[in-house]
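Quick notes on the structure that follows.
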Protein chains: 2
Amino acid sequence: MDALDRAIIAELAEDGRLSNVELAARIGLTPGPCLRRVQRLESEGVIRGYRAIVDPDAVGRGFEVIVHVDLSTQEAAAVAGFEAAVVALDEVVECQRLFGRPDYFLRIAVADLGSYEAFLTQKIMSLSAIGRVTSHFSMKALKG
Amino acid sequence: MDALDRAIIAELAEDGRLSNVELAARIGLTPGPCLRRVQRLESEGVIRGYRAIVDPDAVGRGFEVIVHVDLSTQEAAAVAGFEAAVVALDEVVECQRLFGRPDYFLRIAVADLGSYEAFLTQKIMSLSAIGRVTSHFSMKALKG
DNA sequence: GGTGAAAGCTAGCCGGC
DNA sequence: GCCGGCTAGCTTTCACC
């Protein structure tokens, strides 16, 4: 991992569809060696893959909410059941089990406030081990 | 936006470097019309761009912390100063201004616990409008 | 939506440093 | 060991049906 590798990563993180010749020109290499480096980074797992970035509004995921969940029990089976159920939900974009409080950090992506209300009451609050659920609404995304 | 467009989005979200001929075959179209659809989705802003997904560990960003920040004042100039300073930091991967408490939700990505300690004391807690800062450590990322 | 042709890209091979 | 030049084969992209 030298400066050239880092330059490749930076360029591809910015534009994942850069052609190899354009990438090579930007980092100051010829296409052959550049391609070998990209392939090495891919096979080593440094570059895990490529994704198209899709407008959330266009796919009905424009409304994001940060949710904190505390369970009513720490019993292993109940915890496992909650985790399996939550992870299976499409609307749950992220789920982290935390140390301390809250027990879980969730990020929910739905179309609008109405869908969120329906999602929360029907799919989250109906889970058996649920203790307290707190929704945090974003006023403005300053970064990310 | 018909079923074909949605199929294109799904395929490219999964693998952003799919060749146009492969993409066309998967959605059941020939390359020409398929490319026109992709270009339309790009120009309409439905597809915003393409990114390489990089292993966070490989670039010294393998340790993520969720941080809640409350400011000690709501005075406009202080708030603006805090926001500008936070957004400018590389380690801040996400920053949301929330309704209610906490005032801000931050996601920090650094190399390890030691770097996090240094980052928090030197770059966050030294900001003037800072009230309370709470770090939430992830035990396990179940999703996302 | 499909077809065909020109331009450009990818990916392997071999020589040079 | 890594870079650069070359070439064959494939892909992208456009005008036209």
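Chain letters run A, B, ... following the sequence lines, proteins first and then strands; every chain starts at 1.
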Query raised in the report: Between B:R101 and B:D70, is there a salt bridge with N-O shorter than 4.0 Å?
Result: yes
Query raised in the report: What does A:R40 touch in the nucleic acid at a heavy-atom separation under 4.0 angstrom: a base, only the sugar-phosphate, or nothing?
Result: nothing
Report summary line: Checking D:dC3, D:dT12, C:dT3 against the side chain of B:T30 (C-beta onward), the nearest is C:dT3
Query raised in the report: Has the side chain of B:R36 got a donor or acceptor atom sitting under 3.5 Å from an opposite partner on the base of C:dG2?
Result: yes
Query - Whole-Å gap separating P (D:dC2) and CG (A:L41) - result: 12 Å
Query raised in the report: Given D:dG4, C:dG1, D:dT12, which nucleotide is nearest the side-chain atoms of B:L35?
Result: D:dT12
Query raised in the report: Between C:dC9, D:dT12, D:dC2, which nucleotide gets closest to the side-chain atoms of A:R17?
Result: D:dT12
Report task. Assign each of A:P31 and B:G28 to its nearest nucleotide of DNA chain C by heavy atoms, then name whichever residue's nucleotide is nearer the 5' end. Result -> B:G28
Query raised in the report: Which heavy-atom pair separates B:R107 from A:R107 by the least distance, and what is that distance?
Result: NH2-NH2, 2.7 Å
Report task. Indicate the ring-plane relationship of A:H68 and B:H68, choosing parallel, tilted or perpendicular according to the 30° and 60° boundaries. Result -> parallel
Query raised in the report: So, A:D2 and A:R37, do they make that salt bridge, N to O below 4.0 Å?
Result: yes
Query raised in the report: So which of residues 5-16 of chain B are in contact with DNA chain C, with a heavy-atom cut-off of under 4.0 Å?
Result: none
**Report entry** Whichever hydrophobic residues join A:I27 through chains of side-chain contacts under 4.5 Å
**Finding:** A:M1, A:L4, A:I8, A:I9, A:L12, A:L18, A:L23, A:L29, A:V38, A:L41, A:V46, A:I47, A:Y50, B:V54, B:V59
Query raised in the report: Is B:R6 salt-bridged to B:E11, cutoff N-O under 4.0 Å?
Result: no
**Report entry** Phosphate contact (D:dC14 OP1 or OP2) by B:Q39 side-chain N/O below 4.0 Å
**Finding:** yes
